[in-house]
There are 4 protein chains.
Amino acid sequence: MADGRQKIKVGVLGATGTVGQRFIVLLSQHPWFVIHKLGASPRSAGKPYARAVNWKQAVPIPSAATDIVVHPCQPEHFADCPVVFSGLDADVAGDIEFAFRAAELAVFSNAKNFRRDPNVPLIVPLVNPNHLSIVPQQQRLCSLRKGFIVTNANCSTTTIVVPLTALEKAFGPIESVLVTTMQAISGAGYPGVASLDIMDNVVPYIGGEEEKIEWETLKILGGVQASDDGADGKTLAFDMHARHPLRVSAQCNRVPVIDGHTECVSVRFARRPPPSPQQVREALAAYTPDAQTLGCPSAPRRCIVVHEEPDRPQPRLDRYFQDGAGVSVGRVRQCQVLDIKFVALANNVSIGAATSSIINAEYAVLKGIVALPQQA
Amino acid sequence: MADGRQKIKVGVLGATGTVGQRFIVLLSQHPWFVIHKLGASPRSAGKPYARAVNWKQAVPIPSAATDIVVHPCQPEHFADCPVVFSGLDADVAGDIEFAFRAAELAVFSNAKNFRRDPNVPLIVPLVNPNHLSIVPQQQRLCSLRKGFIVTNANCSTTTIVVPLTALEKAFGPIESVLVTTMQAISGAGYPGVASLDIMDNVVPYIGGEEEKIEWETLKILGGVQASDDGADGKTLAFDMHARHPLRVSAQCNRVPVIDGHTECVSVRFARRPPPSPQQVREALAAYTPDAQTLGCPSAPRRCIVVHEEPDRPQPRLDRYFQDGAGVSVGRVRQCQVLDIKFVALANNVSIGAATSSIINAEYAVLKGIVALPQQA
Amino acid sequence: MADGRQKIKVGVLGATGTVGQRFIVLLSQHPWFVIHKLGASPRSAGKPYARAVNWKQAVPIPSAATDIVVHPCQPEHFADCPVVFSGLDADVAGDIEFAFRAAELAVFSNAKNFRRDPNVPLIVPLVNPNHLSIVPQQQRLCSLRKGFIVTNANCSTTTIVVPLTALEKAFGPIESVLVTTMQAISGAGYPGVASLDIMDNVVPYIGGEEEKIEWETLKILGGVQASDDGADGKTLAFDMHARHPLRVSAQCNRVPVIDGHTECVSVRFARRPPPSPQQVREALAAYTPDAQTLGCPSAPRRCIVVHEEPDRPQPRLDRYFQDGAGVSVGRVRQCQVLDIKFVALANNVSIGAATSSIINAEYAVLKGIVALPQQA
Amino acid sequence: MADGRQKIKVGVLGATGTVGQRFIVLLSQHPWFVIHKLGASPRSAGKPYARAVNWKQAVPIPSAATDIVVHPCQPEHFADCPVVFSGLDADVAGDIEFAFRAAELAVFSNAKNFRRDPNVPLIVPLVNPNHLSIVPQQQRLCSLRKGFIVTNANCSTTTIVVPLTALEKAFGPIESVLVTTMQAISGAGYPGVASLDIMDNVVPYIGGEEEKIEWETLKILGGVQASDDGADGKTLAFDMHARHPLRVSAQCNRVPVIDGHTECVSVRFARRPPPSPQQVREALAAYTPDAQTLGCPSAPRRCIVVHEEPDRPQPRLDRYFQDGAGVSVGRVRQCQVLDIKFVALANNVSIGAATSSIINAEYAVLKGIVALPQQA
């Protein structure tokens with residue numbers, strides 16, 4: 001680590017998949033973490049990573065991963081990893097992550113399976129890393145000392161909750177959000193979207209995606225509250241915005257873009273009169289998340305860039321902003337129906353997936369939530 | 001014509017451009033109209049059409065046009081055309097169409113130049129062909145007997161006003177419309193959008209387009225009203241929805257699709273409670289425009305198709321519905337912020353452009369507004 | 001049929017697949033054939049076609065097929081179909097087509113399984129329908145009266161053998177052919193090529209495709225010869241160009257094009273001096289295949305169009321030439337290494353697949369090879 | 001520079017264009033060169049670069065260039081730049097580069113204008129930097145002390161001459177080359193290719209490109225020879241492969257790929273028998289150009305990567321190999337018509353354009369051909 005201590009050994013589950021490959025690329029250059037164990041399906045187990053994977057990234061396989069022999073996704077192989085990242089597909093993530101937690105491992109998951117669990121935090125690291133405060137309760141309920149699961153949000157949710165949080169922080173509660181997404185094909189994994197379905201086309205539907213945006217946004221923007229639920233004391237629970245009725249309406253579209261989700265957002269504030277477009281621009285540009293001030297190495301140095309050019313953000317030009325860890329916003333202006341409209345763009349495979357898991361882990365390390373081995 | 005009379009000679013201005021080529025294709029198969037004169041820039045004038053044009057359609061140049069010698073866009077060359085279609089670019093359309101009208105020619109224009117003129121009707125033929133009623137006033141003001149200009153709407157406006165009209169007819173006034181478009185590159189003409197700007201990309205801005213949707217929708221959905229404006233009688237004027245404050249908020253995006261605009265729409269009705277999604281579906285499917293009942297040959301036999309599949313409409317699969325003259329709607333469901341949301345799709349080069357001009361002319365012929373030559 | 005007789009009942013195997021859908025579209029408008037039975041996997045069996053299929057064509061499902069109940073691909077369900085078309089995938093086509101032939105059914109197959117069988121003709125209908133002459137020998141060897149299998153070629157082979165045949169007919173044997181293809185994604189079926197593999201990309205490899213071009217071309221361009229193979233008489237066999245060493249070298253690429261294979265071809269003729277580019281152009285334009293003169297209704301009226309413009313053929317502009325049944329050639333010029341080079345384009349889903357099967361069947365009907373039921 | 005000396009001031013002509021932007025990105029990180037002066041059209045002159053340019057790169061404008069005020073392309077503004085790079089368009093490059101050379105400036109040009117001049121070297125830095133030896137003769141003929149012009153090749157030529165040189169070095173003269181290219185849209189500059197021309201399409205023609213490949217390859221692969229041309233001594237001249245008739249036949253296609261030219265190559269060697277595919281693979285992988293051994297900082301550490309996977313190289317996966325400075329080769333195998341065929345890929349905007357100019361300048365600096373200012 002920065003202070004000269006040993007690097008933290010990490011494992012990656014689902015290492016041969018699309019998100020897994022992204023984890024490998026990012027972790028191979030990480031200042032604190034070192035790739036130690038890789039997990040994939042039994043078909044891949046036993047092979048060196050370079051032979052097990054159908055590599056699809058524009059950069060070559062990092063040498064740090066090439067020769068690591070892939071294990072099946074069983075906790076015993078990962079016992080010496082204080083941090084385990086999961087890029088597993090939803091159809092297997094539930095059982096495997098459950099088993100890893102039960103084996104006292106700390107799992108940072110990109111899968112959707114535990115996102116709705118009231119004792120599992122759903123964290124967009126540029127928004128609500130403070131939700132890690134629920135982890136001790138999760139451990140207590142599961143009778144665990146070190147194991148836990150932390151999830152990060154769906155990529156299309158991430159794109160909007162970052163600017164929405166900046167706006168709530170500056171102007172108070174948002175009442176309504178209407179969002180229309182134009183999402184990249186990489187969001188569907190590999191092989192994912194058939195070329196015959198998307199070339200010269202738009203598909204105005206992504207199964208389950210609208211529900212995710214509409215639901216996850218509430219959990220992420222809500223706070224963790226102590227609630228009195230019976231005889232012996234308090235329980236923490238997520239406040240799903242019960243007090244002001246934030247309503248989110250989403251229309252999700254798949255478009256022929258490789259990486260980068262573009263989302264058109266209209267919002268109505270509770271506060272009357274609402275802020276002006278210029279005030280909104282300033283609040284977005286000024287937003288500085290805790291992950292940044294706390295010093296998470298993968299957090300963007302600048303969280304939101306606000307474009308003045310009328311034709312930005314664009315996925316091809318803006319998805320690499322801050323190595324894909326930041327959010328680009330443009331076209332901030334009045335909405336004739338709600339208050340303010342704008343266009344937000346985030347890199348779905350970076351801040352929308354692996355990068356978020358990694359910053360979450362960095363934050364948890366800095367907060368002492370991850371149990372690290374004693375150092376000599 | 002259908003009753004055995006002679007075909008009506010028509011001219012096409014801007015015949016070598018993108019919209020002009022579309023006019024040529026459609027008119028070459030028309031039951032009433034026959035291509036008689038073609039107009040283009042001085043550079044093309046004097047050449048046979050096949051040599052003047054840089055043909056970009058998937059079908060070959062119709063033989064009906066191949067050998068017609070192109071004229072400059074001057075009224076004297078079109079004097080024997082009872083109907084003149086204009087596919088001119090906006091930078092020249094204003095002066096030329098003005099001169100053609102002054103020369104007692106009937107101009108059906110796809111250009112934007114006269115759309116805002118209060119005495120020029122802006123007609124989406126599946127919506128408001130009754131606005132032709134303003135033509136006599138236009139002629140009176142210009143001291144003309146036969147000449148007039150009729151415009152059709154911008155392609156992205158057309159896509160939404162058809163379903164909005166169906167809804168207003170069934171459920172009364174709509175209060176608010178929030179629309180996010182994903183527009184095809186062909187809407188920008190040729191050469192239009194640079195490939196470096198749109199491949200693997202979305203451009204969240206189309207100059208002037210949002211204003212067009214927001215303004216044109218009001219003129220089209222508004223009625224023509226007699227208003228008492230002074231001493232000697234009444235004047236007709238468009239009612240720009242003064243009585244109920246229809247608010248339209250548009251976000252326009254260019255996407256890598258060749259033909260077909262996909263638009264995500266949320267609406268709020270004045271009526272409380274609003275109609276249910278199922279009622280909306282039925283009203284859309286039942287909508288039958290006058291152009292259809294009156295027997296315009298280019299009107300779609302079915303105006304709106306309502307898809308039940310969750311992933312439709314899609315431009316590549318649905319843009320040829322009714323030869324591009326109909327509108328496809330899908331994903332009708334409740335909106336958590338306004339009342340109802342849905343996705344609409346129309347073929348921007350057909351009903352969104354040339355097809356509309358042609359149906360407008362058919363309607364005008366049937367209504368006796370076009371002055372036809374006496375037949376023996 | 002044309003002469004007022006009853007239409008011929010046909011079956012389609014693999015009716016829900018990509019090629020099967022294409023068969024349905026073409027056959028629904030056919031002047032002689034009527035869709036009578038549809039076969040698909042057990043999963044689809046028992047359902048009406050419209051519910052069994054995941055329809056991907058730009059035109060709606062033809063009403064002639066909508067309500068036909070799908071059968072499993074067993075011969076007993078197709079006993080009353082004098083013609084059966086097969087759009088089956090290669091992994092099941094072998095067994096099923098074998099069983100259909102054994103049940104005395106006439107199978108016209110787009111699958112590759114029997115293409116190399118020396119007693120099964122491999123026919124590109126614009127090239128070698130005369131190879132149907134081997135059918136009686138196939139029947140004799142299988143002890144069949146009516147059953148047989150006729151195959152058509154791979155789409156990328158079809159594109160080049162049409163112009164090559166025109167050239168051999170005019171100028172005698174071709175010695176060498178070097179071809180580089182740029183093939184459409186629809187050639188890989190559905191879901192086929194993953195969008196992540198082909199957007200903004202070229203894949204310089206299509207498994208097995210180069211071997212098909214190199215081998216099929218020889219069988220198609222070769223003649224059927226009587227050879228004396230022993231005591232009791234002659235056997236027919238395909239002459240695989242034994243006498244002059246036609247060498248074919250292919251490099252196959254997948255490109256981001258939906259329909260239409262573009263192929264860059266260089267040829268060397270045996271004849272010295274070789275023909276000039278202008279002679280080649282004239283020979284290509286003049287080529288009239290037997291299928292055309294014999295009156296097959298699906299044969300193109302014009303077989304090869306030769307473009308003079310330097311930038312043609314292009315898949316998007318030329319793939320619908322002759323409803324996709326013709327071949328477009330352009331850029332005919334001298335090759336600095338071999339003799340002549342040119343670019344050829346054919347619609348892989350039309351003449352490259354279903355259209356070829358259908359013309360083959362038409363030709364077989366006209367030649368009396370298909371056993372038709374007695375008519376009253 | 002590496003040894004602690006001052007950086008070399010460089011100018012960039014055509015700084016706002018596509019190639020110019022690429023120069024800016026590369027030079028902003030260069031270990032020896034520092035961007036000192038920028039030249040563009042009079043329309044841009046006088047503005048800070050960030051306001052003059054329509055920036056189209058995925059990385060932000062380098063801060064080293066943001067505030068530099070753009071000058072018109074006149075030599076007096078660049079007098080203190082020992083090296084001037086030209087990314088000018090061909091329609092203006094001729095006159096401007098001529099004037100710069102006449103003003104004793106060293107011009108490294110990506111434009112085509114002087115490529116055919118027998119006294120101007122045409123250099124692909126991984127192939128023939130030794131052709132710089134003709135520079136003194138160029139200066140003598142122009143009566144110059146320091147000024148000269150060095151050009152680099154067209155991007156599609158560069159892709160093949162690197163592997164061809166590796167092969168000639170290992171196996172002696174190549175007799176014939178047949179190449180079919182699939183070229184990226186960025187090769188045409190901005191706005192360049194219209195999206196309507198290339199989406200879902202292939203254009204089998206690029207004006208002048210085939211001639212460039214066929215001609216440039218000869219000049220680059222040829223040597224510089226002393227020839228006795230009269231009374232008083234020798235003159236250097238390029239040997240255009242007079243001794244063995246290298247014949248190059250090219251078919252150039254534009255495909256919907258953003259960056260990276262993929263080229264399918266077949267070659268015939270003079271030597272009989274020709275090398276085997278395995279020998280060819282080894283020779284390609286072993287090739288080490290002088291620019292590398294000499295220590296040019298922008299030269300790739302590995303010049304040619306030879307892929308073993310059957311489906312590589314692919315532009316989207318391989319165009320960033322060695323930061324775009326290397327060449328990827330795959331599918332090396334026997335050709336049934338010539339000897340060996342393979343697929344080569346190079347990044348047209350990097351090694352195919354700006355990177356080549358920069359390595360050429362590095363090489364010229366190392367060889368003492370560029371006149372540097374005296375250092376204290």
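Protein chains get the first letters and strands the later ones, always in sequence-line order, with residue 1 at the start of each.
Under 4.0 Å is where a charged nitrogen must lie from a carboxylate oxygen, and between Arg331(B) and Glu210(A) at least one such pair does.
When all heavy atoms are compared, the tightest approach of Gln336(A) to Val248(B) is CB-O, 3.5 Å. Residue Pro204(B) comes nearest to Gln314(A) through the heavy atom pair CD-CG, 3.9 Å, listed as atom of the first residue, atom of the second, then distance. The minimum heavy-atom distance linking Ile258(A) with Asp200(B) is given by the pair N-OD1, 2.7 Å. Pairing each heavy atom of Thr180(A) with each of Cys264(B), the nearest pair is CG2-SG, 3.7 Å. Residues Leu196(A) and Arg316(B) come closest through the heavy atom pair O-NH2, 2.8 Å.
Distance alone, capped at 3.5 Å, places no donor-acceptor pair between the Asp311(B) side chain and the Val203(A) backbone.
For residues 321-330 of chain A, an interface with chain B (any heavy-atom pair closer than 4.5 Å) does not exist.
Interface remark: Gln334(A) contributes no atoms to any contact with chain B (heavy atom separation under 4.5 Å). Neither the backbone nor the side chain of Ile198(A) has a heavy atom closer than 4.5 Å to any heavy atom of chain B. With a threshold of 4.5 angstrom between heavy atoms, Val255(B) approaches chain A through side-chain atoms but not through N, CA, C or O. Proximity to chain B (any heavy atom under 4.5 Å) is restricted, for Val343(A), to the side chain, taken from C-beta onward. For a residue to count as touching a neighbouring chain, one of its non-hydrogen atoms must lie under 4.5 Å from one of that chain's; by this rule Arg312(A) touches chain B with the backbone only.
Applying the side-chain hydrogen bond (donor to acceptor under 3.5 Å, both in side chains) test to Gln21(B) and every residue at least two apart in sequence or in another chain returns Gln57(B). With sequence neighbours left out, Asp197(A) forms a salt bridge (Lys or Arg N to Asp or Glu O under 4.0 Å) with Lys56(C). Residues that satisfy the salt bridge (Lys or Arg N to Asp or Glu O under 4.0 Å) test with Glu263(B), not counting sequence neighbours, are absent from this structure.
By number of non-hydrogen pairs under 4.5 angstrom with chain A, the leading residue of Ser176(B), Ala250(B), Pro310(B) is Pro310(B). Of the listed residues Val257(A), Leu345(A), Ile206(A), Val177(A), the one with more heavy-atom pairs under 4.5 angstrom with chain B than any other is Val257(A). Chain A forms more heavy-atom pairs under 4.5 Å with one residue of Thr262(B), Asp259(B), Asn253(B), Ile185(B) than with any other, namely Asn253(B).
Side-chain N/O atoms of Gln251(A) and Arg333(B) include a donor and acceptor closer than 3.5 Å.
With a 4.5 Å cut-off on side-chain heavy atoms, Cys335(A) and Leu178(B) count as touching.
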